[in-house]
Amino acid sequence: MELPKAYDPREAEEKWYSFWESNHHFEGNVNPHKKPFAIVIPPPNVTGGLHMGHALNNTLQDILIRYKRMDGYETCWFPGTDHASIAVHVLIERGLANRELDDLLTEIGYHVPKEKRPLTRHDLGREYFVKLGWAWKNRYGSRIRGQLRALGASCDWRRESFTLDEARSRAVTEVFVRLYEEGFIYRGDRLINWCPRCQTVLSDLEVEREETEGQLYYIRYPFAQGDGFVTVATTRPETMLGDTGVAVHPRDERYQELIGKFVILPLMKREIPVVADGAVDKEFGTGAVKVTPGHDQADFEIARRHGLKVISVLKPDATTNEHAGDYANLDRYEARRRVVEDLKTQGLLERVEQHVHAVGHCQRCTTVIEPLISTQWFVRMKELAEPAIQVIESGEIQFIPDRWIKVYFDWMRNIRDWPISRQLWWGHRIPAWHCQDCKAVTVVRQAPTACSQCGSANIRQDEDVLDTWFSSALWPFSVMGWPEETPEWKYFYPTQLLSTGHDIIFFWVARMIMMGLHFMKKIPFERVFFHPIVKDEHGQKMSKSKGNVIDPLEMKEKYGMDALRCTLAALCAQGKEMRLSVQDIEGYKKFLNKLWNAARFVLMNLEALTQPSGHPSPVGHDGSGAGAKRFDAASFSESGGIKTLRGEGPLEDRWILSRLSRTIMQTRASLDRYEFNQAAKGLYEFVWHDFCDWYLELVKTRLYGSAPHAQAEAQHVLHHLLTNILQLLHPFIPFITEEIWQRLPAKTTDSIIIARYPVARNEWIDEEIERTMQKLQMLITAIRTIRSEMNVPPQKQAKVFIKAEDRQVQQLVQDYKTFFQELARASEVIVGPTVERPKAAPRIVLEWAEVFVPLEGLLDLQQEHRRLRQDLEEARAGLALTLRKLDNADFLERAPEEIIEKEKRKAREFREKVQRLEQNLQLLQGS
RNA sequence: GGGCGCUUAGCUCAGCGGGAGAGCGUCCGCCUUACACGCGGAAGGCCAGAGGUUCGAAUCCUCUAGCGCCCACCA
């Protein structure tokens with residue numbers, strides 16, 4: 001079946017994806033007869049579209065799933081999306097304020113006000129807000145699903161999950177209740193990170209620190225008794241309103257007198273004690289620090305150690321409260337301005353210095369976070385972390401690349417309790433009910449009707465939802481139906497691989513390992529592959545504001561998804577980042593075009609020559625094989641008809657099959673090591689340079705020739721190669737390979753997706769043949785170089801003289817004269833040990849031969865002279881280096897035998913080349 | 001303050017103990033009946049710097065410089 005002249009990705013991609021899906025090829029089922037290979041998708045947030053990072057990670061996962069599927073595993077890729085509690089909040093709230101969600105609001109039956117005033121979530125109320133969340137989810141969740149499909153992701157869509165759906169909610173409740181019953185979850189007052197805009201607590205991980213240019217204020221606190229003062233330094237003067245002490249280092253000579261005394265807190269006129277605490281840095285500022293336990297983590301600890309009072313001076317919206325005295329009800333920055341002003345007026349502001357320090361920002365909305373005292377739910381982590389550290393230490397779970405292990409350990413060994421409650425509405429509501437009468441808390445799976453302590457029916461469910469990462473932590477088993485006893489998790493858990501970005505190693509990877517070990521008593525996955533972060537071509541983060549975003553779907557439109565997938569795989573080295581440019585994608589698009597045309601060529605030649613006689617082939621068929629089908633597709637089997645199986649057959653066949661076997665081995669080895677770039681580049685090299693540049697050119701002789709047997713043989717090899725190339729490439733570029741596969745005259749399976757992944761044949765690997773072929777290539781290249789340098793028109797034929805003493809080389813040239821004719825436009829090839837250089841013939845000198853191409857007209861002696869000199873210098877340098885080694889007694893004594901042999905061989909070759917070059921240069925001077 | 005990574009051809013990057021590689025770009029020829037999304041040829045590098053280990057180092061170790069990232073309660 002002939003291929004159209006150009007490949008149309010648009011049509012093919014949609015067609016084949018539906019084809020695979022409707023034939024159930026993506027589905028993974030419990031199958032005791034096969035080994036499972038499962039991947040659980042890192043669920044994309046339902047906060048918009050898929051970006052290049054998603055495209056990369058899902059391409060990699062799909063490559064592995066397709067590879068393993070073809071390799072005989074029972075594969076299952078569990079897809080799904082994440083409800084992304086706080087991230088969705090931020091986006092919805094922004095949308096409400098800008099009135100961009102009116103259509104969704106109408107959809108959920110909310111009465112949308114006519115006037116264009118900004119809406120807030122409080123206008124809607126909790127019920128409508130959650131409804132809006134689901135409407136949002138339906139819109140973006142399906143968008144993501146569509147984009148994953150566009151990518152070609154072969155997910156088992158029957159098993160699609162959402163972190164907030166019913167089954168996942170059951171898992172979340174079960175885990176919460178059990179952790180509570182086991183004493184891992186507690187509720188308490190702590191100093192936490194508070195986002196004044198989101199109005200919720202955040203974990204440390206959700207706070208992004210940013211170096212900020214600020215001021216360091218030196219403030220005098222007068223002694224309560226007698227004259228004098230102590231000066232403290234602070235970056236946040238407004239928080240002094242909540243100071244309950246001053247701290248100095250216990251061994252700071254300057255302040256020994258002060259310890260235990262009292263100072264007057266300026267502006268508030270409050271007496272506060274001076275305490276000694278080891279946490280104070282003598283070198284920083286004045287060595288004396290104000291203690292504000294209500295608004296600083298370190299101060300909170302100091303206060304606890306010394307029994308200092310805790311005063312909060314800020315409200316949840318970061319305005320000052322009644323404890324701020326005269327400064328109540330001000331925005332925090334306004335309060336700062338006034339405090340500083342008044343201190344200055346009172347002569348208590350000693351000086352102000354410029355100071356760079358790290359300021360925490362909300363990860364989702366970038367608002368400056370505020371440390372506040374608040375009542376929250378926490379998970380005690382230390383005990384959960386221990387086994388999770390062990391499984392990495394023991395190697396039960398592998399990290400690739402393994403440098404991330406250290407990062408993981410550092411965090412896990414210093415792990416702190418995890419605040420899991422959030423003052424948000426979109427998320428898993430905490431399964432805890434507070435008794436309005438006795439204040440007891442009831443934590444249960446089903447909504448209770450009465451307080452478990454006093455029996456009062458006056459109970460209210462906790463208002464908070466859980467950190468979005470809480471449900472993510474359960475994902476590897478919740479997607480398999482846990483806590484139900486499903487056959488799925490018994491078969492597919494633990495999965496073989498997690499592929500993700502290193503940016504969520506703490507947020508997600510660590511927590512999955514802890515939860516998996518705790519609830520399943522087993523690791524959640526055997527290996528974690530950390531893919532590189534996608535940057536633009538200059539190493540800049542892709543961002544809308546910078547305008548350097550490369551959108552996967554736009555690339556699909558322009559170049560086809562296969563081109564993007566191929567590029568991502570080819571660039572995916574195991575570094576920390578990947579630089580991607582549109583140019584790269586264009587380049588791999590060209591590779592696909594090359595593949596397409598090579599396939600077109602092969603199929604053309606299989607078809608044209610299978611036609612019965614009477615229909616002369618358009619490609620040089622002379623009809624001598626009258627009546628015989630030269631390519632018997634029906635009887636074709638994978639390796640049937642290939643003589644080289646027994647070490648026979650033409651040089652080029654044996655060579656390409658040897659190269660094929662090596663390529664298969666390399667591809668498998670690279671994929672097994674997650675070296676996607678190596679795998680992709682190896683295939684690129686083989687397909688383009690070995691198969692297209694050399695083999696297809698060489699095989700034309702037989703295809704266009706008149707010997708039917710030779711034709712059939714070539715056809716079988718061609719078919720075998722094309723089949724294997726398609727199979728090898730399919731995981732990387734699934735669409736185009738299927739499109740071609742469907743037109744193979746003897747395809748072995750209905751779809752390439754279930755074709756067997758090629759297995760290398762050791763008996764086909766033949767180093768001798770590869771060396772011989774290389775000689776042929778070198779000779780042909782030499783002739784081409786001369787012709788090109790001397791500007792011989794490509795159409796013009798020329799005689800070629802080859803001087804070679806080696807009988808094998810002579811034989812090789814004799815046997816393959818046609819190749820010289822076809823590939824180097826040689827009208828005649830004269831080879832022998834005593835071949836004389838014809839007059840006016842430029843030459844190229846190889847280690848084992850000299851090539852001359854006599855030219856009519858003028859010779860560019862200078863150019864040739866320069867080239868020969870350069871070659872000579874190189875050869876001499878090479879020779880010198882080798883000889884130095886061989887003259888070294890230590891080398892001869894200590895280097896391995898084969899290395900010494902190699903050096904000796906090199907020395908011989910270099911010496912011969914040097915001699916030949918010297919001779920030729922001499923002759924050149926004379927001519 | 002700790003930790004990690006990077007520095008190889010004009011650009012983007014592979015290679016990570018035994019003869020310096022790719023893609024793009026550049027230059028020179030070619031519409032050769034699969035492909036101009038192509039074919040053929042060429043130029044271009046003291047592998048950041050300094051020490052060390054080794055018979056042998058772009059590759060391993062130490063230090064230095066520049067760039068980047070992560071973590072951290074110096075207010």
Side-chain angles (χ1 to χ4, degrees), chain A residues 3 5-7 191 204 209 216 232-236 239 247 279-285 288-292 296-302 355 357-358 371 403-404 406-407 410-411 414 502-503 505-506 533 537-539 559 563 570-571 573 575-581 583-584 586-605 618-620 677-678 681 684-685 692-693 696-697 700 704 781 784-789 791-795 822-825 867 878 881-882 884-885 888-896 898-900 902-903 906 909-910:
Chain A
L3 286 180
K5 202 150 165 99
Y7 169 62
L191 189 80
D204 293 341
R209 310 228 160 236
L216 189 60
V232 300
T234 180
T235 54
R236 299 205 53 196
T239 64
V280 179
D281 179 358
K282 287 193 281 189
E283 310 302 318
F284 189 88
V289 61
K290 65 197 243 340
V291 180
T292 320
D296 184 280
Q297 187 65 47
D299 293 4
F300 184 76
E301 305 291 334
I302 293 174
H355 180 66
H357 61 139
R403 82 176 92 98
W404 297 109
K406 197 172 163 3
V407 177
D410 287 347
W411 191 72
N414 299 301
H502 61 78
D503 49 337
I505 186 166
F506 310 136
I533 302 297
E537 58 199 296
H538 307 295
Y559 307 104
L571 295 183
K576 278 220 262 192
E577 61 176 54
M578 163 193 299
R579 297 190 185 188
L580 180 73
S581 73
Q583 249 189 2
D584 293 320
E586 270 170 22
Y588 286 97
K589 164 73 190 169
K590 289 180 183 176
F591 173 62
L592 300 188
N593 184 253
K594 189 75 182 173
L595 172 69
W596 180 259
N597 281 292
R600 208 156 70 87
F601 172 79
V602 172
L603 294 182
M604 243 178 218
N605 282 288
V619 281
N677 60 328
Q678 304 282 21
K681 286 190 170 162
Y684 181 99
E685 167 76 21
C692 292
D693 286 352
L696 289 187
E697 295 307 322
K700 282 176 182 171
Y704 301 165
T781 302
R784 285 169 169 175
T785 302
I786 293 173
R787 293 180 56 110
S788 181
E789 271 183 10
N791 286 317
V792 182
Q795 323 70 267
E822 298 296 328
L823 301 188
R825 294 262 156 185
R867 194 193 63 231
L881 206 75
T882 326
R884 206 181 312 147
K885 284 185 188 174
N888 184 338
D890 286 335
F891 173 75
L892 295 173
E893 199 178 315
R894 305 199 182 186
E898 70 263 30
I899 296 295
I900 297 174
K902 201 171 161 194
E903 288 300 319
K906 270 161 61 180
E909 285 170 1
F910 277 131

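Since we're looking at a predicted model, the values are computed, not measured. Residue numbers begin at 1 in each chain, while the letters A, B, ... track the order of the sequences.
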Write down the protein N/O and nucleotide N/O pairs, taken from nucleotides 22-26 of chain B, whose separation is under 3.5 Å; answer none if there are no such pairs.
from	atom 1	to	atom 2	distance (Å)
B:C24	O2'	A:Gln583	OE1	3.1
B:C24	O2'	A:Gln583	NE2	3.4

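Nearest to the side chain of A:Arg403, among B:C30, B:C4, B:C28, sits B:C4. Comparing B:C37, B:A34, B:G18 against the side chain of A:Lys589 picks out B:C37 as the nearest. Here the side chain of A:Arg579 is nearest to one of B:C35, B:G41, B:U12, namely B:U12. Side chain of A:Asp410, nearest nucleotide from B:C35, B:G3, B:A75: B:G3. Comparing B:C35, B:G40, B:G3 by their nearest atom to the side chain of A:Asp693 picks out B:G40. Closest approach to the A:Tyr704 side chain among B:G3, B:A34, B:C4 is made by B:A34 (side chain taken as heavy atoms from C-beta onward). With distances taken from any side-chain atom of A:Asn597 to the nucleotides B:G40, B:G29, B:C35, the minimum falls on B:C35. For A:Phe601, counting side-chain heavy atoms from C-beta on, the closest listed nucleotide (B:A34, B:G18, B:A75) is B:A34. Each of B:A75, B:C30, B:C37 was ranked by its minimum atom distance to the side chain of A:Pro794; first place goes to B:C30. Picking from B:C4, B:A75, B:A14 the nucleotide with the shortest atom distance to the side chain of A:His355 gives B:A75.
The separation of B:U8 from B:C67, taken at their P atoms, amounts to 15 Å, rounded to a whole angstrom. When the P atom is used for both B:A9 and B:A48, the distance is 9 Å, rounded to whole Å. B:C63 and B:C6 have their P atoms separated by 16 Å, with the value rounded to a whole Å. Nucleotides B:U26 and B:U33 are separated by 32 Å at their C1' atoms, to the nearest Å. For B:C11 and B:G49, the P atoms lie 16 Å apart once the distance is rounded to whole Å. Taking atom P in both B:U64 and B:G3, the straight-line distance is 12 Å, to the nearest Å.
A:Ala358 is linked by a side chain to side chain contact (heavy atoms under 4.5 Å, CB included) to A:Arg209, A:Glu211, counting only residues two or more places apart in sequence or in another chain. With sequence neighbours excluded, the residues satisfying side chain to side chain contact (heavy atoms under 4.5 Å, CB included) with A:Leu823 are A:Trp694, A:Glu697, A:Leu698, A:Ile780, A:Arg784. Listed by chain and residue number, A:Leu886, A:Ile900 satisfy the side chain to side chain contact (heavy atoms under 4.5 Å, CB included) test with A:Leu892 (two or more places apart in sequence, or in another chain).
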Apply salt bridge (Lys or Arg N to Asp or Glu O under 4.0 Å) to the pair A:Arg867 and A:Glu789, showing each step before the final yes or no.
-> CA-CA 10 Å; A:Arg867 194 193 63 231; A:Glu789 271 183 10; 2.4 Å; yes

Test salt bridge (Lys or Arg N to Asp or Glu O under 4.0 Å) applied to A:Lys906 and A:Glu909, step by step = CA-CA 5 Å; A:Lys906 270 161 61 180; A:Glu909 285 170 1; over 6 Å; no

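Counting only heavy atoms from C-beta outward, the side chains of A:Asn888 and A:Lys885 never approach each other to under 4.5 Å. With contacts defined as side-chain heavy-atom distances shorter than 4.5 Å, the pair A:Ile533/A:Asp503 qualifies.
Here NE2 of A:His502 is found 8.0 Å from CZ of A:Arg403. Values are rounded to the nearest 0.5 Å.
Phosphate proximity of B:G18 to A:Lys906: absent, as no side-chain N or O sits under 4.0 Å from OP1 or OP2. For the pair A:Arg784 and B:G41, the criterion of a side-chain N or O lying under 4.0 Å from OP1 or OP2 is met. The shortest distance between the side-chain N/O atoms of A:Lys5 and the OP1/OP2 oxygens of B:C35 is below 4.0 Å.
Taking the six-membered ring for Trp and the full ring otherwise, A:Tyr559 and A:Tyr588 have centroids separated by 6.0 Å or more.
For the residue pair A:Gly285 and A:Ala233, the shortest heavy atom distance occurs at CA-CB, 4.2 Å. In this structure, A:Asp299 and A:Lys290 approach most closely via the heavy-atom pair OD2-O, 3.2 Å. For the residue pair A:Ala570 and A:Asn677, the shortest heavy atom distance occurs at O-CB, 3.2 Å. Residues A:Glu537 and A:Arg579 share a closest heavy-atom pair of O-CD, 3.5 Å.
Counting non-hydrogen atoms under 4.0 angstrom, A:Pro793 reaches nothing in the nucleic acid. A:Lys282 comes within 4.0 angstrom of no nucleic acid atom, judged by non-hydrogen atoms across all strands. Using a 4.0 Å heavy-atom criterion, one finds that A:Glu893 contacts no nucleic acid atom at all. Nucleic acid contact for A:Glu822: none, since no nucleic acid atom lies under 4.0 Å from a heavy atom of the residue.
Both A:Thr882 and A:Ala6 lie close to RNA chain B; mapped to their nearest nucleotides by heavy-atom distance, the more 5′-ward contact belongs to A:Thr882. If A:Thr781 and A:Ala599 are placed on RNA chain B by their nearest nucleotide, the residue sitting closer to the 5' end is A:Ala599.
A donor-acceptor contact under 3.5 Å is formed by the side chain of A:Lys594 with the base of B:C35.
The closest donor-acceptor contact from the side chain of A:Asn414 to the backbone of A:Asp410 lies under 3.5 Å.
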Could you provide the dot-bracket string of RNA chain B, using ( ) for intrastrand pairs, [ ] for crossing pairs and | for bases paired to another strand, with Watson-Crick or G-U pairs below 3.5 Å?
-> ((((((((.[[[[.)..(..]]]].(((((.......))))).....[[[[[..)....]]]]])))))))....

How does protein reach along nucleotides 65-73 of chain B, written 5' to 3' as B (base within reach of a heavy atom under 4.0 Å), S (only sugar-phosphate), or - (no contact)?
-> ---BB---B

